[in-house]
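A quick note: this is a predicted structure, and the numbers were derived from the prediction, not measured.
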Amino acid sequence: MGSKTKDAIVTVEKGAKCNLTWILQAALYLAGHNPGSLDSIFGKGTALYKFQKDKKMTADKKAGKATITELFAA
């Protein structure tokens, strides 16, 4: 992930209903964390908290720069 991409990352929080949420849900699923349905709605079923805990990150239930970077790390 390049520096311009990292600079463009926005924080996705509970209640968000957008394509970024759908991408987050799909990425969590591919990382082995079942978010439930891929419905583009950031709710309690996103599995983000478990992903953050498993990666020993601050489990704040927000998909910010650190979480997105870890989720898409090669």
Hphob cluster co-occupancy, V10 + L28, side-chain heavy atoms under 4.5 angstrom: yes
Rounded distance (nearest 0.5 Å) linking atom CD of E13 with atom NZ of K62: 4.5 Å
Beyond-backbone contact of F42 with L48, side-chain heavy atoms, under 4.5 angstrom: yes
Minimum side-chain heavy-atom gap I23-F72 below 4.5 Å: yes
Heavy-atom neighbours of D7 CG exceed 12 at 6.0 Å: yes
Gap separating the OG1 atom of T67 from the OH atom of Y49, nearest 0.5 angstrom: 12.5 Å
Same apolar cluster: F51 and I41, side chain cutoff 4.5 Å: no
Validation row: D39, Q25 side chains within 4.5 angstrom (heavy atoms): yes
Close side-chain approach of D60 and Q52, heavy atoms under 4.5 Å: yes
Contact check, side chains of M57 and E70, non-hydrogen atoms, under 4.5 Å: yes
Connected via hydrophobic side-chain network under 4.5 Å: L38 and L24: yes
For the student: nearest non-hydrogen atoms of K53 and A59, plus distance: CD-CB, 3.5 Å
Pair K65-T11, side-chain contact (heavy atoms from CB on, under 4.5 Å): steps then yes or no: CA-CA 7 Å; K65 289 185 187 215; T11 300; over 6 Å; no
